[in-house]
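Here's the structure we're looking at; comments come further down.
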Protein chains: 2
Amino acid sequence: MQAQVRDVARLAGVSSGTVSNALNHPEKVSPATRERVQQAIAELGFVPNIAARQLRRGTNDSIGMIVLDIANPFFTAVARGVEERLSGVGRPLVMAHSGQDHEREKAYLDLFAEQRLSGVLVTPVGQVLDRLRRLRDRGTAIVVVDRKTGAREFSSVSVDDTLGGTLATQHLLDVGRRRIAFLGGPERLTQIKHRLGAARRAVEQHGSGEVWHVDSPTLDVEAGRVGAAALLDLPPGRRPDAIFAANDLVALGVLQTLTLAGVRVPDDIAIVGYDDNEFAAAAAIPLTSVRQPAVEMGAAATGRLLEVIEDPHAKVEHIVLSPELVVRRSTVA
Amino acid sequence: MQAQVRDVARLAGVSSGTVSNALNHPEKVSPATRERVQQAIAELGFVPNIAARQLRRGTNDSIGMIVLDIANPFFTAVARGVEERLSGVGRPLVMAHSGQDHEREKAYLDLFAEQRLSGVLVTPVGQVLDRLRRLRDRGTAIVVVDRKTGAREFSSVSVDDTLGGTLATQHLLDVGRRRIAFLGGPERLTQIKHRLGAARRAVEQHGSGEVWHVDSPTLDVEAGRVGAAALLDLPPGRRPDAIFAANDLVALGVLQTLTLAGVRVPDDIAIVGYDDNEFAAAAAIPLTSVRQPAVEMGAAATGRLLEVIEDPHAKVEHIVLSPELVVRRSTVA
DNA sequence: TGAACCGATTGAATCGTTTCAATGTGAGTG
DNA sequence: CACTCACATTGAAACGATTCAATCGGTTCA
């Protein structure tokens with residue numbers, strides 16, 4: 001029913017091998033024949049069946065990316081970096097969305113394994129070491145983005161969360177804040193652990209002040225709203241004078257709730273966000289935030305991935321980028 | 001080198017046909033055998049080669065989505081709707097990003113055609129009717145999202161842009177604005193055409209006032225900044241007293257630039273955005289915006305797509321959803 | 001003139017799974 | 001006891017492209 005090489009071959013008056021060559025090794029076919037084949041392809045609307053091609057070739061040029069949270073501008077910025085690095089390389093990028101859901105993450109890793117992709121960029125949610133190993137053993141290159149895997153057996157690109165946590169906290173201390181609520185979770189994320197740990201250490205080192213953790217199941221605007229509401233429920237004397245939000249989405253939620261409640265930012269409570277996404281600067285009160293080089297991270301991870309694809313035995317490398325503090329009105333009047 | 005059915009079969013002491021049945025038609029295999037096969041699969045780390053499966057089966061369960069602009073929360077919200085509708089259906093969603101680039105759009109449509117996906121959701125950028133037809137002729141179901149194709153031969157789900165344009169403009173007129181700059185482009189997008197056209201008609205019908213178009217090559221925050229700067233360059237008497245931004249990203253850029261320039265919003269210039277994305281309410285001055293039911297659109301498009309997959313001859317249907325105006329501080333003090 | 005060589009083309013084998021007609025094995029029935 | 005019938009299993013064919021050794025036809029050169 002659907003045209004295949006056979007049909008194209010017949011119409012062009014050549015063999016199927018020649019059609020294939022015209023498609024994949026044009027230099028092996030005389031210009032005249034090539035032309036006839038092209039004509040026949042156009043006439044029949046022939047589209048090669050990639051399954052057959054891939055089965056025979058044994059490889060798939062595509063690169064897969066499992067995005068942790070597509071609604072978070074930070075991750076879409078990472079994706080932008082990936083695409084930029086990939087442009088002109090001739091490898092399509094297919095994306096899947098885990099949405100922090102471990103089951104979906106597993107399902108997509110399995111799908112990518114079945115598809116025998118050349119490479120996969122992943123920001124793992126749960127325990128997927130076994131799947132990543134299987135993927136690698138099947139010949140798929142892997143680079144971990146925005147994480148370091150426990151076993152460190154895969155190359156990774158991440159941003160120094162400890163430094164980020166220190167920068168934010170140090171800044172809050174510098175502007176005179178002492179009661180800092182760290183808002184966001186879940187706590188098991190290494191991100192959270194490192195940023196929070198650094199905050200605690202910074203305060204400790206400073207000698208005065210305190211940090212406490214307000215957990216949340218997710219890291220979105222709603223989590224910020226809920227967390228801020230919980231803090232407002234505290235008796236005035238026990239409220240924080242600063243909130244360190246685990247990312248900018250949370251910070252925006254916090255800002256919204258505080259503003260609605262008549263709390264003055266930064267006078268009553270200062271807010272520091274994390275990521276410095278595109279919306280941080282456009283917020284009601286422009287957010288002080290820890291800028292993560294998201295685009296650069298995506299590009300670096302992709303560069304590394306392409307190297308691993310070329311040489312599967314390339315040695316494992318962990319690239320760690322540095323964040324920087326961007327001060328805006330949410331912490332200084 | 002890599003385990004295949006043959007190897008699993010040998011280890012489990014059965015034939016390859018039985019292994020395949022254990023995988024795809026478990027009810028045809030006795031529990032004991034099924035168990036042995038599972039064991040062998042686990043032991044060998046066997047992952048079926050999807051290319052071979054697909055070649056034989058002739059179908060691919062996956063659904064593809066070509067996202068127009070992954071950095072725009074509106075489209076990620078649409079994607080969320082798609083995922084929600086798809087959850088539990090057992091069809092993986094793979095996404096590709098055209099980023100408004102017609103070449104990339106074509107490349108991904110070709111990739112999806114080669115992959116023989118079950119269905120594709122697409123928000124077309126350029127002239128792709130021929131490719132969509134070819135895709136359909138190859139047996140891939142297609143639903144157009146947030147557009148109606150010229151020829152109307154594909155089912156679509158969109159939002160009434162004329163109504164949206166009318167709502168926004170009527171509101172601006174109601175709050176006493178008369179000089180309205182419509183900011184955003186490119187003009188060839190039907191979106192833009194309809195919203196702008198409706199704005200012009202609303203003003204005309206009202207009897208007084210004027211609307212003019214400030215074009216932009218893209219619809220992002222930067223476009224808003226640039227457009228607003230251009231408007232500020234006008235002599236005070238020729239400046240608008242309201243800006244109708246083609247989407248919220250543009251509106252945020254406008255807001256940023258106006259605020260930095262000391263223009264009072266809404267006193268000097270009112271701003272209406274479009275989409276009512278998650279960040280509109282959290283903006284420096286909360287944005288009045290035309291809310292588009294993005295999640296619902298994604299869900300509806302997916303529902304339609306699943307129907308077309310079931311019955312390729314299902315009749316073409318155009319679902320048009322209605323936007324609604326959300327009034328916030330950027331238009332009323 | 002014949003051998004050597006060259007580029008273009010052919011066509012059968014191949015990739016790894018699924019499918020399906022055929023076969024085997026008991027259990028149940030008259 | 002012979003005969004069905006149901007169920008489990010087998011094994012070879014098939015999916016549609018690519019590959020590669022073999023062939024073809026023509027040119028060049030000794």
Side-chain angles (χ1 to χ4, degrees), chain A residues 1-38 40-41 44-62 110-111 113-117 137-140, chain B residues 1-38 40-41 44-62 110-111 113-117 137-140:
Chain A
M1 194 186 71
Q2 303 187 340
Q4 27 183 302
V5 262
R6 222 205 313 289
D7 306 314
V8 174
R10 191 176 323 128
L11 183 60
V14 297
S15 74
S16 56
T18 299
V19 173
S20 174
N21 280 332
L23 244 37
N24 304 294
H25 309 280
E27 78 285 357
K28 293 190 171 181
V29 176
S30 75
T33 315
R34 207 184 309 155
E35 179 58 28
R36 281 213 317 287
V37 172
Q38 291 299 354
I41 286 176
L44 295 173
F46 167 73
V47 178
N49 182 325
I50 214 172
R53 163 180 300 173
Q54 190 183 315
L55 175 58
R56 176 63 233 225
R57 284 210 190 140
T59 64
N60 184 335
D61 284 345
S62 294
D110 287 347
L111 180 68
E114 291 176 350
Q115 291 184 157
R116 308 287 196 265
L117 297 186
D137 295 344
R138 285 264 153 199
T140 296
Chain B
M1 194 186 70
Q2 304 188 340
Q4 29 184 295
V5 256
R6 222 204 315 288
D7 306 314
V8 174
R10 193 177 321 130
L11 183 58
V14 296
S15 75
S16 56
T18 299
V19 172
S20 175
N21 279 333
L23 244 37
N24 304 295
H25 309 281
E27 77 285 357
K28 293 191 172 181
V29 176
S30 74
T33 316
R34 208 184 307 156
E35 178 58 27
R36 280 214 317 287
V37 172
Q38 291 299 355
I41 287 175
L44 295 172
F46 167 74
V47 178
N49 182 325
I50 213 172
R53 161 179 300 173
Q54 188 183 317
L55 175 58
R56 176 63 233 224
R57 285 212 189 137
T59 64
N60 183 334
D61 285 345
S62 295
D110 286 347
L111 180 68
E114 291 176 349
Q115 292 185 157
R116 309 286 195 265
L117 296 188
D137 295 345
R138 286 265 152 196
T140 296

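Chain letters run A, B, ... following the sequence lines, proteins first and then strands; every chain starts at 1.
- One finds the CG atom of Leu55(B) at 12.0 Å from the CG atom of Asn60(B) (value rounded to the nearest 0.5 Å).
- Nucleotide dC15(C) holds its P atom 18 Å from the CG atom of Asn49(A), rounded to whole Å.
- A distance of 6.5 Å separates CD in Gln54(A) from CG in Asn49(B), rounded to the nearest 0.5 Å.
- Between Arg6(A) atom CZ and dT10(C) atom P the separation is 16 Å, expressed in whole Å.
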side-chain contact (heavy atoms from CB on, under 4.5 Å), that's the test. Do Val14(A) and Val19(A) meet it? Break it down for me. CA-CA 7 Å; Val14(A) 297; Val19(A) 173; 3.9 Å; yes

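- The CD atom of Gln54(B) sits 13 Å away from the C1' atom of dT18(C) (whole-angstrom rounding).
- A side-chain donor-acceptor contact under 3.5 Å links Thr140(B) to the backbone of Leu117(B).
- Residues of residues 9-20 of chain A that place a heavy atom closer than 4.0 Å to DNA chain D, in numerical order, are Gly17(A), Ser20(A).
- For the atom pair CZ of Arg116(A) and CG of Asp61(A), the computed distance is 15.5 Å after rounding to the nearest 0.5 Å.
- The CG atom of Asn21(A) sits 15 Å away from the P atom of dG7(C) (whole-angstrom rounding).
- The residue among Ala51(A) and Ser30(B) whose nearest nucleotide of DNA chain D is located toward the 5' end is Ser30(B).
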Going through the checks in order, is the side-chain contact (heavy atoms from CB on, under 4.5 Å) test met by Val29(B) and Val37(B)?
-> CA-CA 10 Å; Val29(B) 176; Val37(B) 172; 5.7 Å; no

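- In this structure, Phe46(B) places its CZ atom 8 Å from C1' of dG16(C), rounding to the nearest Å.
- For the atom pair CZ (Phe46(A)) and CG (Leu23(A)), the distance works out to 6.0 Å, reported to the nearest 0.5 Å.
- Following rounding to the nearest Å, Asn60(A) (CG) and dG16(C) (P) show an atom-to-atom distance of 15 Å.
- Protein chain A touches strand DNA chain D; the 5'-most and 3'-most nucleotides with an atom under 4.0 angstrom of its non-hydrogen atoms are dG16(D) to dT19(D).
- Lys28(B) places its NZ atom 15 Å from the P atom of dA22(C), with the value rounded to the nearest Å.
- Protein atom CZ of Arg56(A) is 9 Å distant from nucleotide atom P of dG16(C), rounded to whole Å.
- Minimum heavy-atom separation, Arg53(A) to Asn24(A): NH2-OD1, 3.8 Å.
- In this structure, the separation between CD1 on Ile41(B) and CD on Gln38(B) is 5.0 Å, given to the nearest 0.5 Å.
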